[in-house]
Amino acid sequence: MPKLKVLPHAALCPQGADIDAKTGVSICDTLLENHIEIEHACEKSCACTTCHVILRKGYDSLEPAEEKEEDLLDKAWGLEATSRLSCQAKVGEQDLAIEIPRYTINYEREGGGKK
């Protein structure tokens, strides 16, 4: 079973966490199942950037992001080359380490998610 290491986040997970993750389950669902309340304003429908995470280990083990996710990631605060939307990135066979950015931009709540 792969492990998901969550680096410390002042509000959501101050001590960090090491989680047994299930292959094929999204990072977002894995966090929520383990009481790490990452924001997911669009209810995991790939319509916002609030569940943005940065992979510090295991990025290449994930399936590539689809175009819709890539387009949204361009709007994420603190975007890095190994950023993903946790609602779309599914745990594979390898261990992962993630950082939850300090800030998030909630386009849904701010009315920017609708065209």
Side-chain angles (χ1 to χ4, degrees):
M1 179 175 280
K3 300 279 186 196
L4 175 62
K5 179 177 187 66
V6 182
L7 300 176
H9 181 281
L12 300 178
C13 189
Q15 305 303 315
D18 289 306
I19 299 168
D20 288 328
K22 296 178 194 145
T23 301
V25 176
S26 74
I27 293 171
C28 184
D29 283 338
T30 301
L31 294 171
L32 294 171
E33 288 169 6
N34 286 275
H35 312 289
I36 299 172
E37 298 298 322
I38 190 166
E39 193 169 351
H40 51 288
C42 70
E43 296 301 318
K44 303 179 268 185
S45 66
C46 195
C48 71
T49 63
T50 59
C51 71
H52 167 229
V53 295
I54 302 164
L55 277 288
R56 297 298 183 204
K57 176 183 174 186
Y59 177 82
D60 291 333
S61 72
L62 301 176
E63 293 291 322
E66 293 186 8
E67 186 176 349
K68 184 176 181 180
E69 180 183 356
E70 291 283 354
D71 289 345
L72 282 168
L73 278 169
D74 287 340
K75 300 172 184 175
W77 183 91
L79 180 68
E80 293 191 19
T82 58
S83 288
R84 291 294 302 267
L85 297 181
S86 67
C87 70
Q88 299 302 300
K90 292 190 165 95
V91 176
E93 299 293 330
Q94 293 184 14
D95 292 348
L96 303 173
I98 65 161
E99 179 180 344
I100 302 170
R102 181 177 298 180
Y103 303 107
T104 186
I105 300 170
N106 188 333
Y107 287 102
E108 284 296 303
R109 184 171 49 216
E110 296 165 13
K114 300 187 186 212
K115 302 255 180 198

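For this chain, numbers begin at 1 and follow the sequence in order. Note: hydrogens, waters and symmetry copies are ignored here, and every other heavy atom, side chains too, is used. Model, not experiment: these values are computed from the prediction.
- When all heavy atoms of Pro14 and Pro8 are compared, the closest pair comes out as O-CB, 3.4 Å.
- Alongside Val91, the hydrophobic cluster contains Leu4, Val6, Leu12, Ile19, Ile27, Leu31, Leu32, Ile36, Ile38, Val53, Leu55, Tyr59, Leu62, Leu96, Ile98, Ile100 (criterion: ILVMFWY side chains under 4.5 Å).
- Here the closest non-hydrogen pair linking Thr30 and Val25 is OG1-CG1, 3.6 Å.
- When all heavy atoms of Cys51 and Ser86 are compared, the closest pair comes out as O-OG, 2.9 Å.
- The side-chain hydrogen bond (donor to acceptor under 3.5 Å, both in side chains) search around Gln88 returns none, not counting sequence neighbours.
- Thr50 has its side chain out of reach of Cys42: every pair of non-hydrogen atoms, C-beta onward, lies at least 4.5 Å apart.
- Atom NE2 of His52 and atom CG of Leu79 lie 5.5 Å apart (nearest 0.5 Å).
- Considering all non-hydrogen atoms of both residues, Ser83 and Ile54 come closest at OG-CG1, 3.8 Å.
- Applying the ring-ring contact (aromatic ring centres under 6.0 Å, His included) test to every pair with at least one member in residues 10-34, sequence neighbours left out, gives no pairs at all.
- Residues passing the side-chain hydrogen bond (donor to acceptor under 3.5 Å, both in side chains) test with Lys5: none are found, sequence neighbours excluded.
- Residues in residues 44-73 take part in these salt bridge (charged side-chain N to carboxylate O under 4.0 Å, His left out) pairs, two or more places apart or across chains: Asp29-Lys44, Arg56-Glu80, Arg56-Glu99, Glu69-Arg84.
- Within the structure, every pair that satisfies the side-chain hydrogen bond (donor to acceptor under 3.5 Å, both in side chains) test and touches residues 9-24, not counting sequence neighbours, is listed here: Lys3-Asp20.
- Atoms SG and CD, on Cys28 and Glu33 in that order, are 10.0 Å from each other to the nearest 0.5 Å.
- In this structure, Cys48 SG and Glu39 CD are separated by 7.0 Å, a value rounded to the nearest 0.5 Å.
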